[in-house]
Amino acid sequence: MDLVKLIGKSYKTISMVIKEEDVVPFSKATKQKDEIFFNKIVAQNEGYSNIVCPPTYLISIGMKHNILNECLEDIEIGLERILHAGQEFNYSSLVFVEDKISMKTIFKNAYEKKEGKLIFFVYESKFYNQNEVEVCVMNNTLLLRS
């Protein structure tokens with residue numbers, strides 16, 4: 001596998017409308033405390049247009065559309081050999097229920113540590129709302145132990 005050739009590769013852009021029936025259970029599962037993540041009336045009383053998506057919610061968009069499987073096919077590694085090594089979200093705007101969010105992912109980098117015994121794969125996903133405004137950049141790092 002020639003990782004250098006893969007750096008910069010773009011994956012298909014995926015889009016979905018954020019639904020309350022997805023956000024509320026996610027908010028509960030991630031133990032959000034603020035009612036703006038559960039209740040539209042509370043969120044609107046706080047000045048928001050709708051229920052606010054919790055900070056890590058956007059990762060679920062790629063999961064629902066199996067972007068990870070495409071990434072792993074390119075690096076010729078099965079899911080059972082990969083560990084999640086980290087993720088970072090940099091928001092420029094909040095995301096709300098009923099927003100249409102598009103996700104564009106690229107293979108950003110690959111690097112080794114411990115004389116090649118650890119190989120890290122970094123993917124960058126940019127998220128845009130229905131107005132084509134970038135709302136978040138997420139870096140997701142996967143680890144292969146050899």
Side-chain angles (χ1 to χ4, degrees), residues 1-111 113 118-145:
M1 124 186 65
D2 187 357
L3 294 176
V4 173
K5 285 184 180 178
L6 289 175
I7 293 173
K9 178 182 177 173
S10 294
Y11 293 87
K12 68 181 177 189
T13 299
I14 55 176
S15 298
M16 67 178 269
V17 175
I18 306 299
K19 297 180 181 172
E20 182 176 346
E21 58 264 24
D22 294 330
V23 172
V24 170
F26 186 93
S27 296
K28 290 178 181 176
T30 56
K31 302 192 185 315
Q32 302 302 316
K33 304 280 186 229
D34 196 322
E35 283 292 312
I36 64 171
F37 300 115
F38 303 100
N39 186 311
K40 182 176 181 175
I41 301 213
V42 170
Q44 289 175 328
N45 287 340
E46 293 286 328
Y48 302 113
S49 62
N50 209 323
I51 293 172
V52 179
C53 293
T56 58
Y57 179 78
L58 293 179
I59 190 83
S60 67
I61 294 173
M63 294 170 76
K64 285 185 179 199
H65 289 87
N66 294 317
I67 288 295
L68 179 60
N69 291 341
E70 289 183 45
C71 297
L72 294 178
E73 283 176 20
D74 281 346
I75 58 177
E76 301 171 3
I77 297 170
L79 182 60
E80 70 280 355
R81 296 189 57 213
I82 289 291
L83 296 173
H84 181 260
Q87 62 193 29
E88 176 184 311
F89 296 86
N90 293 301
Y91 278 87
S92 53
S93 183
L94 292 174
V95 175
F96 303 96
V97 164
E98 297 181 6
D99 279 354
K100 180 179 179 185
I101 299 296
S102 298
M103 176 184 175
K104 297 179 181 181
T105 300
I106 65 164
F107 183 25
K108 187 173 179 182
N109 197 10
Y111 58 93
K113 288 190 174 183
L118 301 175
I119 304 173
F120 293 85
F121 305 95
V122 182
Y123 295 88
E124 178 183 83
S125 297
K126 292 185 177 184
F127 298 87
Y128 300 86
N129 67 16
Q130 61 277 0
N131 301 316
E132 298 183 16
V133 173
E134 183 179 286
V135 294
C136 182
V137 176
M138 176 186 73
N139 285 301
N140 193 18
T141 304
L142 304 175
L143 168 63
L144 169 67
R145 291 187 295 175

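Quick note: numbers below take in every heavy atom, side chains included, and nothing from hydrogens, waters or symmetry partners.
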How long is the span from the [atom1] atom in [X] to the [atom2] atom in [Y], to the nearest 0.5 Å?
X      : Y      : atom1 : atom2 : answer
Tyr123 : Lys9   : OH    : NZ    : 9.0 Å
Arg81  : Leu144 : CZ    : CG    : 5.0 Å
Leu83  : Leu142 : CG    : CG    : 9.0 Å
Ser27  : Asn39  : OG    : CG    : 11.5 Å
Ile59  : Phe26  : CD1   : CZ    : 8.5 Å
Lys12  : Met103 : NZ    : CE    : 11.0 Å

Listing, residues 14-23 side-chain donor-acceptor contacts under 3.5 Å, not counting sequence neighbours, or none:
unit_1, atom_1, unit_2, atom_2, d
Ser15, OG, Ser102, OG, 2.7
Asp22, OD1, Lys64, NZ, 3.3
Asp22, OD2, Lys64, NZ, 2.8

Handout entry: Heavy-atom donor-acceptor pair, Asn131 side chain to Val133 backbone, under 3.5 Å
Key = no

Exercise for the section: Measure from the side-chain N and O atoms of Asp34 to the backbone N and O of Ile36, and report whether any donor-acceptor pair falls under 3.5 Å. Expected result: yes

Practice task
Show your reasoning for whether side chain to side chain contact (heavy atoms under 4.5 Å, CB included) applies to Ile106 and Lys126.
Solution key: CA-CA 9 Å; Ile106 65 164; Lys126 292 185 177 184; over 6 Å; no

Practice task
Give the intermediate values and the outcome of side chain to side chain contact (heavy atoms under 4.5 Å, CB included) for residues Thr13 and Tyr128.
Solution key: CA-CA 10 Å; Thr13 299; Tyr128 300 86; over 6 Å; no

Practice task
Give the minimum heavy-atom separation between Lys113 and Tyr111, together with the two atoms involved.
Solution key: CE-CE1, 4.0 Å

Practice task
Kindly indicate, with the supporting measurements, whether the criterion side chain to side chain contact (heavy atoms under 4.5 Å, CB included) is fulfilled by Val95 and Phe127.
Solution key: CA-CA 10 Å; Val95 175; Phe127 298 87; over 6 Å; no

Practice task
Check whether any side-chain heavy atom of Phe121 lies under 4.5 Å from a side-chain heavy atom of Ile77, and answer yes or no.
Solution key: yes

Practice task
Evaluate the side chain to side chain contact (heavy atoms under 4.5 Å, CB included) criterion for residues Val135 and Leu94: first the C-alpha distance (whole Å), next the side-chain angles of each, then the deciding distance (0.1 Å), finally the verdict.
Solution key: CA-CA 7 Å; Val135 294; Leu94 292 174; over 6 Å; no

For residues 41-58, which side-chain donor-acceptor pairs fall under 3.5 Å, sequence neighbours excluded?
unit_1, atom_1, unit_2, atom_2, d
Gln44, NE2, Ser49, O, 3.3
Asn45, ND2, Ile41, O, 3.4
Asn50, ND2, Val97, O, 3.3

Practice task
Can you sort out the partners of Lys108 under salt bridge (Lys or Arg N to Asp or Glu O under 4.0 Å), two or more places apart, ordered by chain and number?
Solution key: Glu124

